[in-house]
Amino acid sequence: MEVRIFLSQAARSAPSLLAPSFALVTATKRHQSTQQQPRLRFAPSPTGLLHLGGLRTALYNYLMCRKTGGTFVLRIEDTDRARLVPGAVENIQDSLEWMGLKPDEGPRYGGPFAPYTQSERLDLYKEKAEQLIETGAAYRCYCSPLRLELMRKEAVKRGEQSRYDNRCRSLSSAELTAKHTAKEPFVIRLKMDPHVYELQDEVYGPTSLRVDQEGDPVLIKSDGFPTYHLANVVDDHEMRITHVLRGIEWQMSTPKHLRLYEALGWKPPLFAHLPLLMNADGSKLSKRKGAQEIMEYKKLGYYPDALVNFLTLAGGGFHRNEPISNRLYRLDEMADNFDLALVNRNSCQLNFPKLEEYNRQAVRLRLNSPPEKAKFLAEVQRVVKEKYGTDVTAAVVRHVVEWAAESRLTNINDLFAADLEFVWVSKPRDEKAGEPFTTETKNLLLRVADSMAGIPDGLFDRSHVQEHLQTVVTEAATDLKKLMHAIRLAVCGVTKGPSVGEMAEILGQREFVRRLRSVGMTPDVNQSIN
């Protein structure tokens with residue numbers, strides 16, 4: 001294996017702002033010397049939809065490609081046929097495109113090494129597996145699933161790690177011929193002898209790993225499909241991948257992959273493993289604690305730039321002149337400042353409230369751009385029509401959005417939360433809010449309506465609304481708190497939400513007065529506000 005010099009921890013913590021890291025330059029030059037630009041791949045399995053962990057892996061591969069002028073490849077590793085999720089391949093590609101991480105090559109985009117879906121490359125894996133058998137590096141294993149299960153249970157009873165005992169390594173030629181003639185099902189296994197591999201991980205540095213604790217690993221399953229170990233090594237070589245950036249969970253498998261490179265006579269790529277993503281409390285990411293599949297974030301009103309900044313805040317890997325959380329970075333800025341040597345080694349804890357803050361910034365950026373603001377307002381109009389069946393003018397939408405953007409707008413869906421639905425539609429009064437309005441209450445509401453109607457044009461704001469309400473309370477000798485409660489029910493139909501002054505501002509004078517008068521003119525009931 002090639003010996004590589006790597007940065008010290010001190011060098012990792014004190015990088016030059018202007019110069020790329022030694023590690024990145026060395027890795028890039030090493031491949032440039034062979035006249036090959038960096039090629040990196042994101043190789044998800046469509047056994048589920050794309051989530052934050054997969055997105056982080058894709059993002060860092062993409063950024064390194066853009067940093068080095070390399071090629072970003074998408075490869076679909078669909079060899080686990082029993083766990084395939086319908087629509088997952090489309091979801092992965094749609095998610096990457098929405099995030100702005102469009103691959104240079106892949107199933108949807110083509111390329112010189114197509115096909116980019118492993119189930120379409122089975123003959124290639126079988127050819128390489130047979131080659132390994134011919135050279136003595138692999139063998140056919142005829143052990144039944146029942147025998148393997150019994151071995152596993154016995155290991156559990158003994159409190160030991162389950163491992164294959166390599167029994168079929170020693171089958172005689174006669175035994176192999178008999179089993180082949182009988183057409184007994186088999187798998188193909190790679191011979192893994194006791195050995196310690198010294199892996200030079202481009203993130204974690206020198207790492208020693210043993211490879212024989214599980215027994216000889218399977219390369220080709222009994223259904224003819226390859227395992228991850230064989231397929232990813234063959235494809236990385238055939239697709240000329242120079243750098244493998246993947247999750248830390250694959251680091252323990254890397255020696256198996258290095259053994260395959262040795263057995264096949266190929267030079268391995270550089271390996272870099274990215275740390276786990278976790279919740280702020282150190283627990284595993286889950287939907288219950290805020291983690292969603294990527295396209296669900298889109299439905300929830302989050303923007304790609306908020307998500308990528310959120311992920312890189314936890315993962316590191318960048319030279320920056322200012323605190324990381326002060327503003328949103330564009331993808332091109334991230335690529336310019338990306339440095340593999342600065343990627344965090346410890347588990348990355350995601351602070352989901354920070355995602356809210358980043359998305360608030362993303363909304364503001366769009367509202368400060370006339371073309372983006374027009375798109376945002378048009379989308380609000382569309383949702384209002386779809387959700388409430390209400391046609392609202394562009395002027396009304398602009399007024400509402402600009403009001404909400406001051407303090408309450410984290411994403412577009414905030415505009416349709418329960419406490420703001422009154423903005424778009426006159427809601428019936430909440431039945432849980434108490435008894436119907438009394439004659440005295442309705443008379444007070446009409447009095448308030450007349451007072452609000454008397455505020456001069458251009459002065460209808462929360463401060464003047466409050467002054468006029470206080471005057472009504474004083475003149476009518478009533479309770480301010482109870483009157484506010486009645487106004488809230490009359491105007492928005494619920495007991496919680498923005499202040500009365502804010503409701504008046506957002507609805508505007510004409511609509512605010514109309515709603516008060518419409519309640520004041522309903523049939524009487526005999527109960528007092530006081």
Side-chain angles (χ1 to χ4, degrees), residues 41 43-49 54 74-92 106-107 113-153 155 162-171 175-192 211 214-239 246 249-250 252-254 256-257 259-261 263-264:
R41 68 357 180 235
S45 174
T47 54
L49 307 182
L74 173 65
R75 186 173 72 225
I76 300 298
E77 302 196 337
D78 61 342
T79 58
D80 189 350
R81 308 304 291 177
R83 298 174 57 219
L84 294 183
V85 172
V89 173
E90 291 74 18
N91 171 270
I92 290 167
F113 302 101
Y116 292 90
T117 301
Q118 287 187 336
S119 60
E120 299 174 19
R121 300 168 64 85
L122 299 182
D123 289 344
L124 177 62
Y125 310 133
K126 292 176 182 177
E127 174 191 329
K128 299 305 178 185
E130 290 296 332
Q131 178 182 329
L132 290 168
I133 291 175
E134 291 173 5
T135 60
Y139 61 94
R140 291 181 178 85
C141 171
Y142 292 91
C143 291
S144 67
L146 177 59
R147 179 177 187 270
L148 297 175
E149 179 62 17
L150 290 174
M151 288 177 60
R152 186 192 68 79
K153 290 181 177 179
S162 177
R163 71 187 304 276
Y164 177 58
D165 60 2
N166 302 343
R167 175 183 180 180
C168 289
R169 267 202 198 194
S170 57
L171 291 178
E175 288 175 311
L176 288 172
T177 300
K179 291 180 179 294
H180 177 71
T181 302
K183 296 184 178 181
E184 291 187 24
F186 64 88
V187 301
I188 297 177
R189 292 182 181 270
L190 176 70
K191 292 181 180 179
M192 293 292 291
V211 297
E214 303 171 19
D216 293 339
V218 174
L219 299 180
I220 298 287
K221 295 174 287 187
S222 59
D223 62 1
F225 278 80
T227 61
Y228 171 80
H229 306 301
L230 177 63
N232 99 90
V233 166
V234 171
D235 285 342
D236 283 347
H237 173 75
E238 295 293 329
M239 295 180 182
R246 58 188 178 187
E249 64 272 17
W250 292 111
M252 290 298 294
S253 296
T254 304
K256 300 174 187 175
H257 306 158
R259 172 70 186 107
L260 278 167
Y261 280 105
L264 290 165

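Hydrogens, waters and symmetry mates play no part in the numbers below; they use all other heavy atoms, side chains included. Note that the structure is a prediction, hence the values are computed from the model and not measured.
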What's the spacing between [X] [atom1] and [Y] [atom2] if we round to 0.5 Å?
X      : Y      : atom1 : atom2 : result
Leu190 : Arg259 : CG    : CZ    : 5.5 Å
Ile220 : Leu132 : CD1   : CG    : 9.5 Å
Asp78  : Leu84  : CG    : CG    : 6.0 Å
Leu264 : Gln131 : CG    : CD    : 5.5 Å
Ile188 : Leu230 : CD1   : CG    : 8.5 Å
Leu176 : Leu171 : CG    : CG    : 5.0 Å

Note, [X] side chain near [Y] side chain (heavy atom, < 4.5 Å):
X      : Y      : answer
Tyr164 : Cys143 : yes
Tyr116 : Arg41  : no
Pro226 : Leu122 : yes
Arg75  : Asn232 : yes
Leu74  : Pro44  : yes
Glu238 : Lys128 : yes
Tyr125 : Gln118 : yes

Between [X] and [Y], what is the shortest heavy-atom contact and its length?
X      : Y      : answer
Pro46  : Ile92  : CA-CD1, 4.3 Å
Met239 : Pro115 : CE-O, 3.8 Å
Ser162 : Ala155 : CA-CB, 3.8 Å
Ala43  : Glu77  : CB-OE2, 3.3 Å

Q) In this structure, are over 12 heavy atoms from other groups packed under 6.0 Å from Arg169 atom CZ? A) yes

Begin with the C-alpha distance, continue with both residues' side-chain angles, and end with the deciding distance and a verdict on side chain to side chain contact (heavy atoms under 4.5 Å, CB included) for His180 and Arg140.
-> CA-CA 10 Å; His180 177 71; Arg140 291 181 178 85; 5.5 Å; no

N-O pairing of [X] and [Y] below 4.0 Å:
X      : Y      : answer
Asp165 : Arg147 : yes
Glu214 : Lys256 : yes
Asp223 : Arg81  : no

Check your understanding: Is the backbone N or O of Met192 less than 3.5 Å from a side-chain atom of Asp216, with the two atoms forming a donor-acceptor pair by type?
Key -> yes

Quiz prompt | Full working for side chain to side chain contact (heavy atoms under 4.5 Å, CB included) between Tyr139 and Arg189 | solution = CA-CA 6 Å; Tyr139 61 94; Arg189 292 182 181 270; 3.6 Å; yes

- Task: Carefully, step by step, assess Arg246 and Thr254 under the rule side chain to side chain contact (heavy atoms under 4.5 Å, CB included).
- Result: CA-CA 11 Å; Arg246 58 188 178 187; Thr254 304; 2.9 Å; yes

Checklist entry - Would a line drawn from the ring center of Tyr228 to the ring center of His257 be shorter than 6.0 Å? => result yes

(request) Decide yes or no on side chain to side chain contact (heavy atoms under 4.5 Å, CB included) for Val85 and Asn91, but give the supporting numbers first. (result) CA-CA 10 Å; Val85 172; Asn91 171 270; over 6 Å; no

